[in-house]
Amino acid sequence: MTNQGVYRIYGSEMSPYSVKVRSYFRYKGLPHQWLVRNASNQTEFQKYAKLPLIPLVVTPADEGIQDSTPIIERVEAAQPSPSIHPDDPVAAFVSVLLEEFGDEWGNKWMFHYRWAREVDQTSAAGRIARQQQPRTNDATHAQNTAQVRARMVDRVWFVGVNAQTAPQIEASFERAIELLDRHLTGRAYLFGGRPAFADFGLWGQLYCAWTDPTAGALIEGRAPTLLAWIQRMTWPRADGAFEAWSTLAPTLNPLLEADVGKLFLPWSVANAQAIARNDETFTVTLDGKTWTQKPQKYHARSLAALREKYAKIAAKPAIDAALGAVGCLEALRG
């Protein structure tokens, strides 16, 4: 069975991983349908999904694939032009690293801001409830909104959000948006004139954060160039070439050092070690501050995948020098 060359993307505007995949398909110019995941397509979704998670992509060959990073990697291998990987080998691996950072640490930003304050809870829960059941009356919608809000606020622990970690997450977000704003000054995308792998991973989280009141106000008030990139990435295009790492490093290194080297990678290593020990919780010091949470199994697997990508690089001197300068090397060596 085929679908006449058209991919089907089951997702949600509220899901950073769903919009990440949609942005990628738009950039590649691949024919696709965007299908909002709700009760109306439950039967077909279950036919293809191995897990009850979005996004789900159904290929023209009628095969279902899930998980945003593997989806993009699989399609990119089959449709390599225009490439999302810079020619410069250092830039190419840093892009892979920042894609992972966006998916895993950026999700903490988005999830925390979405469910930390009443105004954001109300906004997000109402939109989720309306997407799930778009034709309900106002009374039922209010009930559904309350149920979504209660369920999601109770789940913030899953991504490591708690009273201890919340201030660290907010400090990281506020610093990162300002650093990204500076880096994007004078360039359309993170690695030059066209989007790279990293753009999609970071953008999904920042786009969804921008749609929420508190995080959106921070972005609009403090990072106007980043805001333009967020809007540009809804329909990305190739407007120029990728840059060499030498021109990118001066403004990307501060983000790599402060948020990837001092926060994300030490957290990733501690999380993986906790999974290996079968610990109920773990505590790690991140940039001088204590962080405690329940371990996350998926993130241990994604760190292993990142380390495997690093291990496969044949010539490492330039990459090791760049990563070592910002404290990102040892965690990747394992």
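Residues W105 and S172 share a closest heavy-atom pair of NE1-OG, 3.1 Å. In terms of heavy atoms, G11 sits closest to I54 at C-CD1, 4.0 Å. Counting all heavy atoms, side chain and backbone alike, W115 lies closest to A124 at CH2-CB, 3.7 Å. Across I169 and V161, no two heavy atoms sit closer than the pair CD1-CG2, 3.7 Å. The shortest heavy-atom contact between P16 and V19 is O-CG2, 3.4 Å. The minimum heavy-atom distance between R155 and F111, with the atom names listed, is O-CE2, 3.9 Å.
The number of heavy atoms from other shown groups lying within 6.0 Å of NZ (K309) is above 12. Other residues, nucleotides and ligands contribute only 12 or fewer heavy atoms inside 6.0 Å of the CG atom of N278. Counting non-hydrogen atoms of other residues, nucleotides and ligands closer than 6.0 Å to CG of D87 gives a total of 12 or fewer. Heavy-atom neighbours of R135 CZ from other residues, nucleotides or ligands within 6.0 Å: at or below the threshold of 12.
With hydrogens and angles disregarded, a donor-acceptor distance shorter than 3.5 Å links the side chain of S302 to the backbone of H299. Side chain of D239 to main chain of G193: no donor-acceptor pair is present (N/O by atom type, distance under 3.5 Å, no hydrogens or angles). Judged purely by atom type and a 3.5 angstrom limit, R130 uses its side chain to pair as donor or acceptor with the backbone of T136. R114 places a side-chain N or O within donor-acceptor distance of the main-chain N or O of C208, the cut-off being under 3.5 Å. With hydrogens and angles disregarded, no donor-acceptor distance shorter than 3.5 Å links the side chain of Q205 to the backbone of K108. Remark: the backbone N or O of I230 is not paired with any side-chain donor or acceptor of T234 at under 3.5 angstrom. Using modelled atom types, one side-chain atom of S268 and one backbone atom of F264 make a donor-acceptor pair closer than 3.5 Å. Between the side chain of Q164 and the backbone N or O of T292, at least one donor-acceptor pair lies under 3.5 Å. A donor-acceptor contact shorter than 3.5 Å links the side chain of S23 to the backbone of M233. The main-chain N or O of A196 is never found under 3.5 Å from a side-chain atom of S95 such that the two would form a donor-acceptor pair.
Two residues are said to be in side-chain contact when any heavy atoms from C-beta on lie closer than 4.5 Å; Y48 and D62 meet this criterion. Residues Q66 and L51 have side chains in contact (heavy-atom distance under 4.5 Å, counting atoms from C-beta outward). Proximity of R237 to R194: side-chain heavy atoms (C-beta onward) are nowhere separated by under 4.5 Å. A 4.5 Å side-chain heavy-atom check between L255 and L180 finds at least one atom pair inside the cut-off. Residues E13 and W34 form a side-chain contact, since some pair of their non-hydrogen atoms from C-beta on lies under 4.5 Å apart. Inter-residue side-chain proximity for K47 and T43 is flagged as unmet; no heavy-atom pair is nearer than 4.5 Å. Considering only heavy atoms from C-beta on, P195 stays 4.5 Å or farther from I84 through its side chain. Residues M110 and F173 fail the side-chain proximity criterion, which asks for heavy atoms closer than 4.5 Å.
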Derivation of the side-chain contact (heavy atoms from CB on, under 4.5 Å) call for L56 and V58
CA-CA 7 Å; L56 164 71; V58 180; 4.3 Å; yes
Would you please test T211 and R127 for side-chain hydrogen bond (donor to acceptor under 3.5 Å, both in side chains) and show each step?
CA-CA 11 Å; T211 68; R127 285 178 285 154; 3.3 Å; yes
So I71 and I9, side-chain contact (heavy atoms from CB on, under 4.5 Å) or not? Walk me through it.
CA-CA 11 Å; I71 288 169; I9 305 172; over 6 Å; no
Dump the intermediate steps for side-chain contact (heavy atoms from CB on, under 4.5 Å) on V21 and H32, then the final yes or no.
CA-CA 11 Å; V21 167; H32 63 277; over 6 Å; no
Go through F101 and W109 one step at a time and tell me if the ring-ring contact (aromatic ring centres under 6.0 Å, His included) criterion holds.
CA-CA 11 Å; F101 168 75; W109 299 334; 5.6 Å; yes
side-chain contact (heavy atoms from CB on, under 4.5 Å) between D88 and L248: does it pass, once the steps are laid out?
CA-CA 11 Å; D88 183 306; L248 297 162; over 6 Å; no
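Taking the centre and axis of the six-membered ring of Y310, the NZ or CZ atom of K316 falls inside the cone set by 45° and 6.0 Å.
Side-chain contact of R74 with T59: a donor-acceptor pair under 3.5 Å is absent, judged by distance alone. R149 and T145 form no side-chain donor-acceptor contact under 3.5 Å, judged by distance and modelled atom types alone. Between the side chains of D67 and Y17, no donor N or O sits under 3.5 Å from an acceptor N or O.
Following chains of ILVMFWY side-chain contacts shorter than 4.5 Å, one cannot reach L53 starting from V75, and the two form parts of different hydrophobic clusters. Residues I219 and Y189 fall within the same hydrophobic cluster, defined by Ile, Leu, Val, Met, Phe, Trp and Tyr side chains chained together at heavy-atom separations under 4.5 Å. Connection of I275 to Y298 is not established within any shared hydrophobic cluster, with ILVMFWY side chains joined at heavy-atom distances below 4.5 Å, either directly or through further cluster members. L303 is not connected to F93 by any chain of hydrophobic side-chain contacts under 4.5 Å among Ile, Leu, Val, Met, Phe, Trp and Tyr, and they are in different clusters. Note on L263: it does not cluster hydrophobically with V269, by side-chain heavy-atom contacts below 4.5 Å among ILVMFWY residues.
To the nearest 0.5 angstrom, E76 atom CD is 5.0 Å from S83 atom OG. Considering OG1 of T247 and CZ of F242, their distance stands at 12.5 Å, rounded to 0.5 Å. Within the model, atoms CG of L98 and CG of L252 stand 6.0 Å from one another, a figure rounded to the nearest 0.5 Å. L184 CG to L190 CG: the interatomic distance, rounded to the nearest 0.5 Å, is 5.5 Å. Distance check, rounded to the nearest 0.5 Å: CZ of F45 to CG of L35 gives 11.0 Å. The CZ atom of F158 sits 9.0 Å away from atom CG of N107, with the distance rounded to the nearest 0.5 Å.
We find that D259 and R175 are joined by a salt bridge, their nearest charged nitrogen and carboxylate oxygen being less than 4.0 Å apart. Under a 4.0 Å N-O distance rule, the pair K20/E99 qualifies as a salt bridge. Salt bridge D212/R117: absent, no basic N to carboxylate O contact under 4.0 Å.
In this structure, Y27 and F200 have tilted ring planes: the angle between them lies in the 30° to 60° band.
Only one option out of Q293, E104, Q168, Q296 pairs with W267 in a side chain to side chain donor-acceptor pair (under 3.5 Å); it is Q293.
In this structure Q132 satisfies the side chain to side chain contact (heavy atoms under 4.5 Å, CB included) test together with I128, V148, R151, sequence neighbours excluded.
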